[in-house]
Amino acid sequence: MKISIIVLAFLLVFPAAASAQNPPIPPFYQMSGGLFHPAQQDFNAKYHASSDLVWSSGMGLPLSADFLYLVAELSWFRAKGFTPGAPGTPDTSAELRHNFMHVGLMNKYFVAPALAVRFQGGMNYNSIEEKVTPAGGTEMKRRLPRKIGFYGGIGFENLIAGGRMSVFAEAIYDYRRSVDAAMYGDFGGVRVVAGLAVYWF
């Protein structure tokens with residue numbers, strides 16, 4: 001329900017924001033992929049890695065002529081691990097899922113005609129679930145309540161195709177702290193991604 005309200009508000013803002021610019025600043029759609037480094041304390045021991053792939057998709061709507069945007073983005077992260085059991089104990093497989101929705105502001109500062117530094121920050125709304133399955137046993141699923149946290153990041157963007165598209169790279173930190181006894185600790189992390197943005201006009 002909260003996500004529906006956020007998306008509806010985003011769509012209502014779009015016509016006014018996009019038409020208010022003189023000259024017009026184009027809205028954009030972007031996709032990205034890269035690595036997410038979870039801050040979870042036992043992630044490395046359980047999944048035998050310090051990171052795994054993350055994918056994101058989102059859009060930005062102009063709020064002012066100095067390249068201030070309202071942005072919304074969805075990201076998906078999955079990690080799978082396998083831990084051999086000690087003598088007399090079963091092997092165990094685990095799967096961790098993070099889904100984040102970002103809603104915030106992005107500001108771009110052009111340091112050259114086609115090169116910009118982009119800063120962004122705002123709220124995240126997240127869903128985190130972990131499944132642990134002993135070999136031959138019953139799957140145990142633990143899920144954190146959906147919660148609002150925050151995020152922030154910095155990146156670089158280079159315009160291509162006459163300014164109709166751009167390539168970018170950025171680092172973003174997501175904060176999500178849990179006090180749940182079964183899943184206690186920091187479930188945020190840092191993502192380092194690269195992507196492609198397409199400008200609508």
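Contact annotation: the side chain of W55 never approaches that of S57 to less than 4.5 Å [non-hydrogen atoms, C-beta and beyond]. When side chains are defined from C-beta on, K46 does not count as touching T92, because their heavy atoms never get closer than 4.5 Å. Between P38 and F77 the shortest side-chain heavy-atom distance falls below 4.5 Å.
For the pair R118 and F168, the cation-pi test (distance below 6.0 Å, angle within 45°) is passed. Geometrically, K108 engages Y69 in a cation-pi contact defined by less than 6.0 Å to the ring centre and at most 45° from the axis.
With a 6.0 Å radius and a threshold of 12 heavy atoms from other residues, nucleotides or ligands, R177 has its CZ atom above the threshold. For E129, the CD atom counts as densely surrounded, since its 6.0 Å shell holds more than 12 non-hydrogen atoms of other residues, nucleotides or ligands. Environment of NZ in K80: sparse, with no more than 12 heavy atoms of neighbouring residues, nucleotides or ligands closer than 6.0 Å. Other residues, nucleotides and ligands contribute only 12 or fewer heavy atoms inside 6.0 Å of the OH atom of Y109.
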(message) Could you go through N99 and R78, starting from their C-alpha distance and side-chain angles, then the distance that decides it, and tell me whether this counts as side-chain hydrogen bond (donor to acceptor under 3.5 Å, both in side chains)?
(response) CA-CA 9 Å; N99 295 328; R78 303 288 184 272; 3.2 Å; yes
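Of all heavy-atom pairs spanning G163 and Y199, the tightest one is O-CD1, 3.6 Å. S32 and E73 get closest at one heavy-atom pair: OG-OE2, 4.2 Å. The heavy-atom pair separating D186 from R176 by the smallest distance is OD1-O, 3.3 Å.
Electrostatic pairing of R191 and D174 counts as a salt bridge here, judged by a charged N lying under 4.0 Å from a carboxylate O. Comment: E130 does not engage R143 in a salt bridge, judged by the lack of any side-chain N to carboxylate O separation of less than 4.0 angstrom.
The backbone N or O of N126 lies less than 3.5 Å from no partner atom in the side chain of N124, so there is not a single donor-acceptor pair.
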